[in-house]
Amino acid sequence: MNNTNNAQITEGPVWKGLLTFFFPILFGTFFLLLYNTTDAVIVGHFLGKDALAAIGGGTAVYVNLLVGFFVGISSGSSVIISQFYGAHNDTEVQRSVHTAIMMALIAGTIMTIAGLIISPWAMQLIKTPPEIFADSVIYLRVYFYGMISLFIYNMGAGILRAVGDSKTPFYSLIVGCITNIFLDLLSIVILHQGVAGVAWATVLSQSISMILILFVLAKSRSSYQLHLSQIGITPHLLAKMIRIGIPAGMQSILYTISNLIIQANINIFGTDTIAAWAAYSKIDAIFWMTSNSFGVALTSFVGQNFGAGKIDRIRRATKEGIIMSGAMAIVYGLIFWFAGTTIFHLFTKDESVITIGMHMLYFLVPFFITYEPIEILSGVTRGTGAAFTPMLITCFGVCALRILWLAIAVPCNPTIRTVLACYPVTWIFTTILFIIYYKSNSWLHHHIMGK
């Protein structure tokens, strides 16, 4: 990324700088969703329901848990690098880039070894049915072979976003998605490799995305250029990355745990309700995808401006981010409200399932707007390096309170609406906590790096 592009982040219209990050991140997340959906469609069509269950059941839970945790940790590297880049501290940018890549290499290696050893035990732990147990273990083990490429890709993509380049990760994801589709069909239809072939297709496509990211970093002529011979750990930078990243990683794990508990509560209402919730979750996935993209964009935008000492731009970005994301929530809400029944028919023809699903939609959609400040304010504060307090607010306000609600309110009034109420209750409460935290300005009391 050249100096002109960097100027768009630390100077000029704030909304334009924000959208420079936002749209490539959003489209990249869309292709990631397409990436996973395509796997399921191809496997379900050619290999059947057992194979689909093997790649999408307990294995998906473990994969999402691990990937979410590392992506959270890697956010610490992105924050550090964006601050140094905004402060024009080229030496520390260089050290941070090479430390981040080394951290991904070490974490990926450890995860690969551990995953190969514990895969059978992990599938036993969640009581995987005998008919899909062998395929589940095979898929999970092969997937763990790709941990190094997956971790390095995510770290490299985070580095590029930190310096303002969100387009390259997007393009590399498109290449990986197309490659994955081709390799899926090749391994299943022509080579007849079954579930193992699907896993290897994923690993190889992830490796190609990683290579593209590393190539761009190596060919860069800026301060974030990657030199393979310089990859190594700078202790004080690693400590800062972990200090910021660990809270985000733990937050991801607790989110997953709370969602599993919600799913367990929904399961007691029977197959129609489970199917309705599954379909509804597919419908509102685009809302969560867009909200998360705003948060990620703000973290990188704020990181550079914090490093440059431009606090006024951070405050303007916060206001404009809330306005833009709030408008987005209203637009999505209106679309889902009026076109929900039509969209549900894409997933099921069962009228009872659609009726239950629409009741869920009518209850939750009006509260979408109450969630947006959480994503915006956590992205802003994390961009300054303040990671611990936002983690506490999110973990208590969303995760812990949600679990308490399910444990206390649901037994008193055991209806599906009471279960679903845990979402707006925790969104509103957590938004209030974040507003109080933001207004306190304590998140600004970090030393600007590189100054």
How many angstroms lie between atom [atom1] of [X] and atom [atom2] of [Y], to the nearest 0.5 angstrom?
X      : Y      : atom1 : atom2 : value
Ile101 : Leu228 : CD1   : CG    : 9.5 Å
Phe182 : Ser187 : CZ    : OG    : 10.0 Å
Leu237 : Ile242 : CG    : CD1   : 11.0 Å
Met210 : Tyr153 : CE    : OH    : 12.0 Å
Ile428 : Leu401 : CD1   : CG    : 11.0 Å
Arg402 : Cys395 : CZ    : SG    : 11.5 Å

Counting heavy atoms not belonging to Tyr145, are there more than 12 under 6.0 Å from its OH?
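Atom OH in Tyr145 is not packed in, count stays at 12 or less.
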Mind listing the closest non-hydrogen atom pair of [X] and [Y] along with its distance?
X      : Y      : result
Thr299 : Arg382 : OG1-NH1, 4.2 Å
Thr318 : Ile376 : O-CG2, 3.9 Å
Ala104 : Met155 : CB-CB, 3.9 Å
Pro169 : Asp165 : CD-O, 3.5 Å
Leu361 : Gly340 : CD1-CA, 4.2 Å
Leu183 : Ala201 : CB-CB, 3.5 Å

Between [X] and [Y], is any pair of side-chain heavy atoms under 4.5 Å apart?
X      : Y      : answer
Phe434 : Thr430 : yes
Phe301 : Arg313 : yes
Arg95  : Gln230 : no
Phe151 : Thr109 : no
Asp90  : Phe84  : no
Val203 : Trp200 : yes
Leu226 : Ile231 : yes
Tyr171 : Leu212 : no

Does [X] reach the main-chain N or O of [Y] with its side chain, forming a donor-acceptor pair under 3.5 Å?
X      : Y      : result
Arg221 : Lys219 : yes
Thr431 : Thr370 : yes
Glu320 : Trp15  : yes
Trp405 : Thr418 : yes
Ser149 : Gln206 : no
Gln83  : Gly383 : yes
Asn89  : Tyr85  : no
Gln304 : Ala162 : yes
Ser220 : Val216 : no
Ser252 : Ala248 : no

Looking at residues at least two apart in the chain, or sitting in another chain, which of them share a ring pair (Phe, Tyr, Trp, His ring centres under 6.0 Å) with Trp337?
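Here the qualifying residues are Tyr362.
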May I have the step-by-step check of side-chain contact (heavy atoms from CB on, under 4.5 Å) for Met328 and Phe287, ending in yes or no?
CA-CA 8 Å; Met328 175 274 300; Phe287 166 72; 3.9 Å; yes
For Leu204 and Ile208, what are the C-alpha separation, side-chain angles and deciding distance, and is it a side-chain contact (heavy atoms from CB on, under 4.5 Å)?
CA-CA 6 Å; Leu204 290 173; Ile208 290 173; 5.6 Å; no
When the aromatic ring centroids of Tyr423 and Phe367 are compared, is their separation below 6.0 Å?
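Not under 6.0 Å, so no.
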Step by step, would you call Ile152 with Ile148 a side-chain contact (heavy atoms from CB on, under 4.5 Å)?
CA-CA 6 Å; Ile152 291 179; Ile148 293 176; 3.8 Å; yes
Could you label the plane-to-plane angle of the His98 and His227 rings as parallel, tilted or perpendicular, counting under 30° as parallel and over 60° as perpendicular?
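Rings of His98 and His227: parallel, as their planes differ by under 30°.
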Could you label the plane-to-plane angle of the Phe336 and Phe368 rings as parallel, tilted or perpendicular, counting under 30° as parallel and over 60° as perpendicular?
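Perpendicular.
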Take Leu19 and Met324, measure what side-chain contact (heavy atoms from CB on, under 4.5 Å) needs, and give me the verdict at the end.
CA-CA 10 Å; Leu19 295 182; Met324 287 190 287; 4.0 Å; yes
Only one of Thr290, Asp284, Asn292 forms a side-chain hydrogen bond (donor to acceptor under 3.5 Å, both in side chains) with Trp288, so which one is it?
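Result: among Thr290, Asp284, Asn292, Asp284 is the only option passing the side-chain hydrogen bond (donor to acceptor under 3.5 Å, both in side chains) with Trp288.
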Test item: side-chain donor near acceptor, Glu372 and Ser291, under 3.5 Å
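Yes, side-chain donor-acceptor contact under 3.5 Å.
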Under a 3.5 Å cutoff, is there a donor and acceptor pairing between the side chains of Thr381 and Tyr438?
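No pair is found: no donor N or O on one side chain lies under 3.5 Å from an acceptor on the other.
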Charged N to carboxylate O under 4.0 angstrom, Arg316 versus Asp312?
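Here Arg316 pairs with Asp312 in a salt bridge, since their nearest N and O are under 4.0 Å apart.
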